[in-house]
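See below for the structure under consideration.
Order of the sequence lines fixes the chain letters, A, B, ..., with proteins taken first and strands second; residue numbering starts at 1 for each chain.
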Amino acid sequence: MTNSARLVAVWMLFALTLGLIAYASPLPQRVTDRDIYEATATHGVVVDCSDIHCFRVLVPWLLGPLPGASIVKWKAYAVMANAAAGTAVFALCLTLGFDRRAAWFASIASAFGFGSLYTLHDVYSSDPLMYFLGPFLTNELMNGRVALAGTVGAVGVLAKEFAAAPVYLMTWCLAVERRWREAVRVFVAANAVLIVWLLMTLILMLRFNYTYAGSASADLGGGGNLVGWLHRQSARGVAAAMFNEFGVLYILGPVGFFLAPRPLRRLALLSLPIGALFGYVQQPDRALWNLHFVITPMSALVLNRAPRLGALTLAAFVVGNVRVGAQLPIGSAGKIALATSMVLGLATVVAALRGTAS
Amino acid sequence: MKRVVFPALAVETVILAVLLTIVADQIAHTHVEKLGGVNVWGYRGPVLHQKKGNEVRIVVTGGDLAFGWGVAASEAMAPSVRELVSRQVDRSGPSDHPVTGVTAAAQGLPPAAYASWIDHFAYLRPDVICIVVDPIGHVLVQSAFLPARRSRAFARFGYSPILPLVLQEKGTLVHSSLLRLAGNTLAAADAALGPREDSQPTAIVPGNDYASSIDAAVRAGLRSSTGGVVVVLSPSSDNRGVKEEIASSFAGERVRLVDLGDDPRMLATTLRLDGFNFSAAGHSVAAENVAPAVLELIGEVEQRTQ
């Protein structure tokens, strides 16, 4: 099987499984950003809009003209984008020199992680596309395809500002490696992406009176979205939300850091300020998943050292996320699965480190 | 590769510098537009939303007196008139007519420029335009940024930059020569790019052409508004000649005349901040004189539509 054919097969497998989960996932019983995205899909531009989601025009512009019920289109988009995210992580792992099993572990953790599955529940969001663009752009840049990455980033940034982050991240990585020529090339691409985003934002603000007035994200001096989110939640709620975000990956990721190849370690370290920035301006429990493509490969390296235990850990992690992410009504099985994944995760770490020591 | 990458980087740097300056300018606007400044389009207060079908919109325009130096945007004449008109509209029965008021005046604007200024803001789709006329002999304020009507950006796009002024004032306030330098540099760049004027800006409101300037402004107002025009004359001047001229020129038209000098309260120095500009209380009392005329014009519009 060629590499491309393998990636297509991975994507189809993920899409099929995610499609079934999306089908079973209930609609949110609370106010979501659905109205904003549907208004953008219907009108193209929502004059005088003061919601940050109005600036995220690409996905509604693409889905709006398609035939069919809105919820079906958005669920299909979330499924396809999250499947693509898993596939992109698979490709990225191969680029980083992982064996195929480790790549599978990482890509499954990305495709069935909390962030991805949550977007199958609350589908009106640009996030699934960002979950794909993060690993895709990083992989393309690692392979020297700067023009392609820059072009895709410049289009993707119309969906959400995060699309510029992987390009700047790679610029820093290359600069730290003192690969100056490549760093400058990628920097030019990153700036182009940023310019597109700034132009679009200014056009929407000046021509159509869009504002960030209704969004705490723009209040950088006042705590961004983080402070408001912390105030709205109880301490237990904050802890639960942050735990759900990565679950067992909190254990596996840091251990995997020490097992990771140097480029991945560098990527992980340099992504920390980006994670901090997006965690500050956005809702941190969801924003951090944008960097899934850094933590799932590191975690996969641990799982791959004790593959049977690792597979069980990953399975428990996925079942738990089906409950807390996709919100499938599987009762206490979800909680049990999450707890099990933590125990198995610890066991996997021990086994992996013993294997390393021996 | 170098041949392409480094020129591209240089071009990007310039573009980013321009875009980030605009972003900084927008942020500066959000900090001052509700206070003593103007919004990105050069009028006071936040940018207005698209006009609703049932909305009644009142625009107060003119020069220094209308601009309301020294008071917040919400304390100027327009919001006070809006408040009084809104109350009356609500009182006259169940109504779903939201009333908005906006100050689209400019510091240092001579009466001869009122007409073109009104034409410029016709896109606000006002129902009633109140032209508050500065008196003959008034020394006009020479302000470059309230709004920046001589800026190239304003001439080309209607965008009124304010960052230079904010940086200059902030620099003075916090004793930062760096901020002042940044403000001065931006102001110099803006001035260098600005359109050349054939003549020096008028420093004093001249007596000659005064009535014809008001006449032209009223005609511009009639073109731009659906309801009509209220001409508001300053209390501290002899307005008899102007009143007669307007009365004869616009008899039977959608024009009302309010001479603030007819209200003895308006002559009190306590209603002025600096001997000329009204205080918040001064704007409020002036609005009490203007609002009946505005209501009359709105009533006539409703009668015509019924």
B:Trp41 and A:Leu206, any side-chain heavy atoms less than 4.5 Å apart: yes
Region of B:Phe157 that comes under 4.5 Å of a non-hydrogen atom in chain A: neither
Heavy-atom contact with chain A under 4.5 Å, split by part of B:Ile27: neither
Distance in Å, B:Gln26 CD paired with A:Thr211 OG1, rounded so as to fall on 0.5 Å steps: 10.0 Å
A:Phe208 versus chain B, the contacting section by heavy-atom distance below 4.5 Å: neither
A:Asn209 portion near chain B, given a 4.5 angstrom heavy-atom threshold: side chain
A:Val188, part contacting chain B, at a heavy-atom distance under 4.5 Å: both
Largest heavy-atom contact set with chain B, pairs under 4.5 Å, which of A:Val184, A:Thr201, A:Ile195, A:Leu199: A:Ile195
From NE2 (B:His49) to OG (A:Ser50), nearest 0.5 Å: 6.5 Å
Atom NZ of B:Lys51: over 12 foreign heavy atoms under 6.0 Å: yes
Among B:Leu16, B:Val18, B:Ile22, the one residue meeting side-chain contact (heavy atoms from CB on, under 4.5 Å) with A:Leu198: B:Leu16
Sidechain-backbone polar pair: B:Glu12 side chain, A:Ala192 backbone, donor-acceptor under 3.5 Å: yes
Proximal component of B:Val47, with respect to chain A [non-hydrogen, under 4.5 Å]: both
Gap between atom CG of B:Leu19 and atom CH2 of A:Trp197 - 0.5 Å precision: 11.0 Å
